[in-house]
There are 2 protein chains.
Amino acid sequence: MGPKYSSSRENYLKAIFHLQEIHGTVTTNDVANELQTRPASVTDMLKKLKAQKLLLYEKYKGFKLNTEGRKVALQIIRKHRLWEYFLVEKLRFGWDEVHEIAEELEHISSKKLIDRLDEFLGFPKSDPHGDPIPDSQGRWTLTRQVDLLNLPINQMAEVSGIGDQSAEILELLNHKHIALGTRLEVKKKFAFDNSIELKIKNQSPVTISEHVAKNVFVKYDE
Amino acid sequence: MGPKYSSSRENYLKAIFHLQEIHGTVTTNDVANELQTRPASVTDMLKKLKAQKLLLYEKYKGFKLNTEGRKVALQIIRKHRLWEYFLVEKLRFGWDEVHEIAEELEHISSKKLIDRLDEFLGFPKSDPHGDPIPDSQGRWTLTRQVDLLNLPINQMAEVSGIGDQSAEILELLNHKHIALGTRLEVKKKFAFDNSIELKIKNQSPVTISEHVAKNVFVKYDE
DNA sequence: TTTATTTTTTAGATTTGTCTAAATTTTATT
DNA sequence: AATAAAATTTAGACAAATCTAAAAAATAAA
């Protein structure tokens with residue numbers, strides 16, 4: 001059996017999901033803009049998605065995915081992010097060059113394939129951009145995982161992993177009282193050398209270099 | 001940029017390549033049969049492939065791929081077989097369940113992806129069915145690799161690998177004078193228990209069980 | 001070598017996804 | 001509230017890939 005929905009339909013579902021996460025409800029123009037297509041084409045597709053019972057839609061009013069549509073969208077997002085993780089972690093791609101390839105891979109239909117891939121990758125919780133990966137039931141941890149360079153300022157987070165496992169970096173982190181589980185927030189980012197000033201509760205601020213920041217991963221709820 | 005040719009076109013190229021390997025020249029009905037489609041649809045596509053300069057075709061005469069068409073077909077076969085290898089070796093799929101999934105994966109367009117995958121897999125020479133994998137220039141070793149159960153009768157071949165690495169099988173093979181590099185041929189296959197009678201030059205015939213045969217891989221030129 | 005059979009092609013229709021241009025509805029502005 | 005502007009939908013067209021039914025060409029059989 002081929003795919004349940006065409007690539008095109010899947011792209012619409014994904015775009016609508018994305019937009020309704022941001023705005024609650026979605027408009028025709030939004031989708032046209034997101035998918036680089038024409039509003040008329042969007043309307044055409046909305047009718048099809050409604051007929052397939054994936055979308056709540058009354059013409060001229062806004063629209064949003066129903067439960068089934070959301071479910072399908074989450075599976076596509078899951079595939080996209082797992083493939084991105086694979087490309088970066090296993091095939092040594094840069095995190096900035098994987099999106100386009102994952103746009104194609106996300107439409108491969110086999111559920112067994114994606115569950116095996118998930119297992120092969122060790123059930124990662126976040127993709128290389130820090131976005132959460134839904135599990136095979138479409139649930140996701142609300143936790144984002146990023147390195148310290150990408151942690152928003154004043155966002156409390158918990159250290160969840162160290163990239164470089166060398167004794168040198170562990171010594172440095174130890175000295176600054178940073179370990180797995182430490183709760184901290186970024187107070188300042190210096191554009192000059194990308195160094196970062198951190199604050200850990202009940203301690204005075206510490207500064208770390210870009211090189212170190214890149215290797216410290218933290219998670220936080222959004 | 002999207003794919004250079006549609007999935008459908010790629011499937012035609014692959015089918016025609018396959019058929020012309022067997023019969024030299026290809027007919028409309030052959031292709032229709034191979035792709036489970038109608039002769040009229042094949043004719044339609046032949047015109048398009050000819051217009052794209054991938055096919056030598058005069059109506060009512062047979063047809064075959066030109067150099068460019070062959071090149072494209074080989075790249076698709078390369079992708080198909082590398083993905084099959086990945087599915088079996090990395091994701092623990094059975095060799096009998098990977099074909100359908102690879103039919104989808106083979107249409108992913110990124111050349112960089114497939115070259116990285118090739119590297120990640122260690123530049124395998126054969127897919128899980130023993131079919132050769134073309135390299136990134138479309139060249140392939142004419143050598144097929146199969147286990148002893150699948151070696152054609154009276155085909156001289158050379159032992160190229162042992163699946164199970166246990167001391168027990170190595171002891172058994174050693175006793176029967178079978179090692180990496182040994183040249184042998186299958187003289188008889190017994191349907192009753194799938195045991196196999198082998199002949200090594202200057203030695204009397206030996207019989208091995210199905211279990212052993214499955215774990216001895218050989219290569220031969222076709 | 002006619003005739004019959006099979007193969008292949010053409011003609012015209014269908015489906016999916018897209019588009020442009022025009023019409024309609026909603027929203028914003030005076 | 002009337003009008004202007006923006007958003008959305010409809011109507012009709014097009015390209016790709018497929019199909020059926022009929023016509024044309026090639027092959028096989030009498």
Side-chain angles (χ1 to χ4, degrees), chain A residues 1-16 19-20 22-65 69 72 76 103-104 106-107 109, chain B residues 1-16 19-20 22-65 69 72 76 103-104 106-107 109:
Chain A
M1 45 162 176
K4 215 161 174 181
Y5 307 103
S6 73
S7 292
S8 181
R9 275 163 158 70
E10 292 192 343
N11 285 334
Y12 275 92
L13 292 173
K14 200 175 46 145
I16 295 168
L19 292 167
Q20 77 182 28
I22 302 170
H23 301 113
T25 184
V26 188
T27 70
T28 305
N29 266 355
D30 277 354
V31 176
N33 192 56
E34 177 93 357
L35 293 179
Q36 296 289 46
T37 184
R38 296 294 171 172
S41 311
V42 176
T43 304
D44 290 342
M45 184 59 85
L46 293 179
K47 289 191 214 159
K48 293 172 193 162
L49 294 177
K50 186 189 179 183
Q52 267 177 116
K53 296 198 200 307
L54 297 166
L55 191 69
L56 303 171
Y57 166 60
E58 296 302 330
K59 61 181 183 175
Y60 291 110
K61 323 274 169 172
F63 46 92
K64 52 161 73 167
L65 300 178
V72 175
I76 303 159
E103 286 289 301
E104 283 188 64
E106 73 189 6
H107 301 297
S109 58
Chain B
M1 40 158 180
K4 215 163 177 181
Y5 308 103
S6 72
S7 293
S8 180
R9 276 162 156 71
E10 293 191 343
N11 286 333
Y12 275 92
L13 292 173
K14 199 174 48 142
I16 296 168
L19 292 168
Q20 76 183 29
I22 303 171
H23 302 114
T25 184
V26 189
T27 70
T28 305
N29 267 354
D30 277 354
V31 176
N33 192 56
E34 177 93 357
L35 293 179
Q36 297 288 48
T37 185
R38 297 293 172 171
S41 310
V42 176
T43 303
D44 290 342
M45 186 58 85
L46 293 179
K47 289 192 215 158
K48 292 173 195 164
L49 294 177
K50 186 189 179 182
Q52 267 177 117
K53 296 200 200 306
L54 298 166
L55 191 68
L56 304 171
Y57 165 60
E58 295 302 330
K59 61 182 182 174
Y60 290 109
K61 324 273 168 169
F63 47 91
K64 53 161 72 166
L65 300 178
V72 176
I76 303 160
E103 286 289 301
E104 283 188 63
E106 72 189 5
H107 301 297
S109 58

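Letters A, B, ... are given to chains in the order of the sequence lines, protein chains preceding strands, and every chain is numbered from 1.
The nearest whole Å value for the distance from the NZ atom in A:Lys50 to the C1' atom in D:dT9 is 14 Å. The separation between B:Gln36 atom CD and D:dA17 atom P is 19 Å, rounded to whole Å. At whole-Å resolution of the value, CD in B:Glu58 and C1' in D:dA25 are 15 Å apart. With rounding to whole Å, A:Asp44 atom CG is found 14 Å from D:dT8 atom P. Whole-Å rounding puts the A:Leu35 CG to C:dC19 C1' distance at 15 Å. The distance from atom CG of B:Asn11 to atom P of D:dA17 is 11 Å, rounded to the nearest whole Å. Atom CG of B:Leu46 is separated from atom C1' of D:dA17 by 13 Å (rounded to the nearest Å). One interatomic measurement links the two molecules: OH of B:Tyr12 to P of D:dA16, which rounds to 15 Å at whole-angstrom precision.
Between A:Ser6 and C:dG17 there is a side-chain N or O to OP1 or OP2 distance below 4.0 Å. Between B:Ser41 and the phosphate of D:dT18, there is no side-chain N or O to OP1/OP2 separation shorter than 4.0 Å. Put simply, B:Thr28 has a side-chain N or O that comes within less than 4.0 Å of OP1 or OP2 on C:dT9. Side-chain N/O atoms of A:Asn29 include none lying less than 4.0 angstrom from OP1 or OP2 on D:dA6. For the OP1/OP2 pair of D:dA16 and a distance below 4.0 Å, the side-chain nitrogens and oxygens of B:Lys48 include no atom meeting the criterion. In this model, the phosphate group of D:dT9 is approached by a side-chain N or O of A:Tyr57 to a distance below 4.0 Å at OP1 or OP2. Distances shown here put a side-chain N or O of B:Lys59 below 4.0 Å from the OP1 or OP2 atom of C:dT10. An OP1 or OP2 oxygen of D:dA16 is reached within less than 4.0 angstrom by no side-chain nitrogen or oxygen of B:Ser8.
The side chain of A:Arg38 has C:dT20 as its nearest neighbour among C:dT7, C:dT20, C:dT10. Taking every side-chain heavy atom of B:Met45 into account, D:dA17 is the closest of D:dA17, D:dT9, C:dT9. Relative to the side chain of A:Lys47, the nucleotides D:dC19, D:dT8, D:dT10 differ in distance, and D:dT10 lies closest. Closest to the side chain of B:Tyr60, from the set C:dT24, C:dT18, C:dT8, is C:dT8. Here the nucleotide nearest the side chain of A:Thr37, chosen from D:dC19, D:dT9, C:dT18, is C:dT18.
From B:Gln52, atom CD reaches atom CG of B:Leu55 across 10.5 Å, with rounding to the nearest 0.5 Å. To the nearest 0.5 Å, atoms NZ (A:Lys61) and CG (A:Leu56) are separated by 14.5 Å. With values rounded to the nearest 0.5 angstrom, A:Leu35 atom CG is found 10.5 Å from A:Asp30 atom CG.
For the side chain to side chain contact (heavy atoms under 4.5 Å, CB included) test with A:Pro39, the passing option among A:Val31, A:Asp44, A:Asn29 is A:Asn29; the others fail.
Ion pairing of A:Lys14 with A:Glu103 is present here, as a side-chain N (NZ or NE/NH1/NH2) and a carboxylate O approach within less than 4.0 Å.
Contact annotation for A:Phe63: no contact, since no heavy-atom pair falls under 4.0 Å across all strands.
Although no hydrogens or angles enter the test, the distance criterion places a donor-acceptor pair under 3.5 Å between the side chain of A:Gln20 and the main chain of A:Leu65.
In this structure, A:Ala40 and B:Thr43 both approach DNA chain C, and ranking their closest nucleotides by distance from the 5' end singles out B:Thr43.
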